[in-house]
J.: 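First the structure, then my questions, so here it is.
All of these numbers come straight from a predicted model, not from anything done at the bench. Here is the naming used below: chain letters follow the sequence lines, and residue numbers restart at 1 for every chain.
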Protein chains: 2
Amino acid sequence: MDAFAALDDPVRRSVLRQLRAGPQRVVDLARDHPVSRPAISRHLRHLHQAGLVQVAEQGRERHYSLRTEGLEPVAALLRELRPEAPLVTDHHLDALETEVRRTTRERRASPAPAREESA
Amino acid sequence: MDAFAALDDPVRRSVLRQLRAGPQRVVDLARDHPVSRPAISRHLRHLHQAGLVQVAEQGRERHYSLRTEGLEPVAALLRELRPEAPLVTDHHLDALETEVRRTTRERRASPAPAREESA
DNA sequence: CCAATGCGTAACCGCTGCGTTACCTTTTGT
DNA sequence: ACAAAAGGTAACGCAGCGGTTACGCATTGG
């Protein structure tokens with residue numbers, strides 16, 4: 001089962017969303033979904049085949065977690081289909097970074113009222 | 001049929017890619033795929049239901065074209081699942097824009113070697 | 001040591017999707 | 001006017017998927 005097929009199921013999409021919170025056991029995932037535990041097991045098998053989740057075995061428990069690299073085929077298709085030339089290119093960002101560094105350096109020499117300091 | 005189901009088929013994905021080149025007739029799409037014309041017709045029906053294509057009727061011909069807005073549900077899921085805090089936020093861009101404008105203004109007053117002038 | 005817990009898998013069933021062929025309607029062009 | 005072209009749809013068979021229940025196995029903890 002590939003990523004496209006894996007995403008074509010509401011339960012599996014929901015499982016993936018739940019895994020954003022961190023690794024989960026099968027029983028945990030089953031508890032929060034309206035299907036049986038074996039059903040979740042099979043969904044996880046499919047998600048694993050698709051490369052969307054990974055497993056960590058710990059004794060009798062299996063901890064499943066998200067594997068976002070598996071989303072790449074889907075992301076690639078979206079990039080193919082929406083030729084959105086990004087409003088700001090890497091080129092621009094590069095030039096901007098240079099400017100910012102220089103400006104910051106200069107400002108440190110002759111201070112001015114700062115707009116943001118947090119984070 | 002929703003967008004997720006619509007993308008879960010190699011023929012439909014291929015049709016969408018072909019439509020990047022512009023509106024196409026059913027026969028055109030069928031010619032470039034290893035399935036019958038009625039099969040393409042049904043695929044187009046599904047893609048239409050999913051909001052991924054739109055139709056323009058012209059006499060006995062129907063011109064199908066891409067409708068990228070239909071990809072939004074998929075794009076949204078990707079955004080949900082990859083918490084990639086964008087390296088540069090709108091906030092940053094805003095601040096950068098201010099800096100750049102000011103810097104440009106200043107530089108115009110006291111010129112320095114420019115790195116890039118094109119585009 | 002033994003019951004409980006966690007989990008995978010097989011078997012069965014119903015639904016849905018895909019491909020094909022056959023058929024029909026509408027439009028076009030000579 | 002008529003044949004050809006464009007395209008939608010129905011009917012049929014097949015394969016795959018998802019849900020459930022039943023079962024088996026390993027691990028854990030009192």
Side-chain angles (χ1 to χ4, degrees), chain A residues 1-19 21-67 70 73-74 77, chain B residues 1-19 21-67 70 73-74 77:
Chain A
M1 167 141 347
D2 60 286
F4 292 102
L7 293 187
D8 176 19
D9 183 285
V11 174
R12 282 194 291 267
R13 290 195 294 269
S14 176
V15 164
L16 291 176
R17 288 197 200 91
Q18 183 170 345
L19 286 180
Q24 311 258 332
R25 300 177 303 161
V26 180
V27 282
D28 298 328
L29 294 166
R31 215 187 323 274
D32 295 346
H33 288 89
V35 295
S36 65
R37 183 192 53 75
I40 295 290
S41 261
R42 189 160 47 187
H43 281 308
L44 287 169
R45 192 198 316 165
H46 292 160
L47 289 170
H48 185 69
Q49 282 180 231
L52 291 171
V53 301
Q54 50 195 357
V55 203
E57 312 212 10
Q58 286 184 23
R60 70 181 156 183
E61 300 182 354
R62 311 192 81 200
H63 295 242
Y64 284 87
S65 55
L66 213 50
R67 189 173 167 280
V74 182
L77 181 66
Chain B
M1 167 141 348
D2 59 288
F4 293 101
L7 292 187
D8 175 20
D9 184 284
V11 174
R12 282 195 290 267
R13 290 195 294 271
S14 175
V15 164
L16 290 176
R17 288 197 200 90
Q18 183 169 346
L19 286 180
Q24 310 259 332
R25 301 176 303 161
V26 179
V27 283
D28 298 328
L29 295 165
R31 214 188 324 272
D32 296 346
H33 289 89
V35 295
S36 65
R37 182 192 54 75
I40 295 290
S41 261
R42 189 161 48 188
H43 281 308
L44 287 169
R45 192 197 317 166
H46 291 160
L47 289 170
H48 186 69
Q49 284 181 230
L52 290 171
V53 301
Q54 51 194 356
V55 203
E57 313 211 12
Q58 285 185 25
R60 72 179 155 182
E61 301 181 354
R62 313 192 81 200
H63 294 242
Y64 285 87
S65 55
L66 214 50
R67 190 173 166 279
V74 182
L77 181 66

J.: Using a 3.5 Å distance criterion without hydrogens, assess whether the side chain of R13(A) forms a donor-acceptor pair with backbone atoms of L7(A).
T.: yes
J.: dC18(C) C1' sits how many Å from R13(B) CZ, rounded?
T.: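 The distance from CZ of R13(B) to C1' of dC18(C) comes to 14 Å, rounded to the nearest Å.
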J.: Between P on dG16(D) and CG on D2(A), what's the gap in Å once rounded to a whole number?
T.: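 Going from D2(A) (CG) to dG16(D) (P), I get 14 Å.
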J.: Calculate the interatomic distance between L47(B) atom CG and dG7(D) atom P; express it in whole Å.
T.: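 Checked: the CG to P distance equals 15 Å.
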J.: Rounded to the nearest Å, what distance is computed from the CG atom of residue L44(B) to the P atom of nucleotide dG8(D)?
T.: 7 Å
J.: For P34(A) and P38(B), find the nucleotide of DNA chain D closest to each by heavy atoms; which residue's nucleotide sits nearer the 5' end?
T.: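 Mapping each residue to its closest nucleotide by heavy atoms, the 5'-most match is P38(B).
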J.: Ignoring backbone atoms, establish whether Y64(B) has a side-chain N or O less than 4.0 Å from OP1 or OP2 of dA6(D).
T.: no
J.: Strictly below 4.0 Å: does R25(B) bring a side-chain N or O up to OP1 or OP2 of dG7(D)?
T.: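 Looking at the OP1 and OP2 atoms of dG7(D), neither is under 4.0 Å from any side-chain N or O of R25(B).
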J.: So what does R45(B) touch, heavy atoms closer than 4.0 Å: a base, only the sugar-phosphate, or nothing?
T.: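 Result for R45(B) = sugar-phosphate.
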J.: Can you identify which nucleotide, out of dG8(C), dT20(D), dG8(D), has its nearest atom closest to the R37(B) side chain?
T.: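 The answer is dG8(D).
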J.: Measuring only between side-chain heavy atoms, which start at C-beta, is V27(B) closer than 4.5 Å to I40(B)?
T.: no
J.: Could you state the CG-P distance from D28(A) to dG6(C), rounded to the nearest angstrom?
T.: 8 Å
J.: Do other residues, nucleotides or ligands put more than 12 heavy atoms under 6.0 Å from the NE2 atom of H48(A)?
T.: no
J.: Would one find a side-chain N or O of S41(B) under 4.0 angstrom from OP1 or OP2 of dG7(D)?
T.: no
J.: Rounded to whole angstrom units, what separation is found between the CG atom of D8(A) and the P atom of dG18(D)?
T.: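 Those two atoms, CG and P, are 8 Å apart.
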J.: Does a side-chain N or O from S36(B) land closer than 4.0 Å to OP1 or OP2 of dT20(C), or not?
T.: yes
J.: From the set dG7(D), dG6(C), dC18(C), return the single nucleotide nearest to any side-chain atom of V26(B).
T.: dG7(D)
J.: Using modelled atom types only, decide if a donor and an acceptor are shared between the side chain of R12(A) and the backbone of A6(A) within a distance under 3.5 Å.
T.: yes
J.: Between H33(A) (NE2) and dT20(D) (C1'), how many Å, whole number?
T.: 18 Å
J.: Within a reach of under 6.0 Å around NE2 of H33(B), are more than 12 heavy atoms found that belong to other residues, nucleotides or ligands?
T.: yes
J.: Should the side chain of R42(B) and the base of dG19(C) be counted as holding a donor-acceptor pair, with the cut-off at 3.5 Å?
T.: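 Yes, the side chain and the base share a sub-3.5 Å donor-acceptor pair.
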J.: I40(A) has an atom CD1; how far is it from atom P of dT9(C), in whole Å?
T.: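 Distance, rounded to whole Å: 15 Å.
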J.: Would you indicate, yes or no, if dC18(C) has its OP1 or OP2 atom less than 4.0 angstrom from a side-chain nitrogen or oxygen of H46(B)?
T.: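 Yes, because at least one side-chain N or O of H46(B) sits under 4.0 Å from OP1 or OP2 of dC18(C).
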J.: Below 4.0 angstrom from OP1 or OP2 of dG17(C), is there any side-chain N or O of H43(B)?
T.: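 No.
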J.: Carefully, step by step, assess V15(B) and Q18(B) under the rule side chain to side chain contact (heavy atoms under 4.5 Å, CB included).
T.: CA-CA 5 Å; V15(B) 164; Q18(B) 183 169 346; 5.7 Å; no
J.: Taking N and O atoms by type only, does the side chain of R60(B) place a donor or acceptor under 3.5 Å from a partner on the base of dT26(C)?
T.: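 Under the 3.5 Å cut-off, the side chain and the base do not form any donor-acceptor pair.
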J.: From the options dC18(C), dG19(C), dT21(D), select the nucleotide whose nearest atom is closest to the side chain of M1(B).
T.: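 Closest nucleotide among those given: dC18(C).
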J.: Within the pair R62(A) and dG8(C), is there a side-chain N or O less than 4.0 Å away from OP1 or OP2?
T.: yes
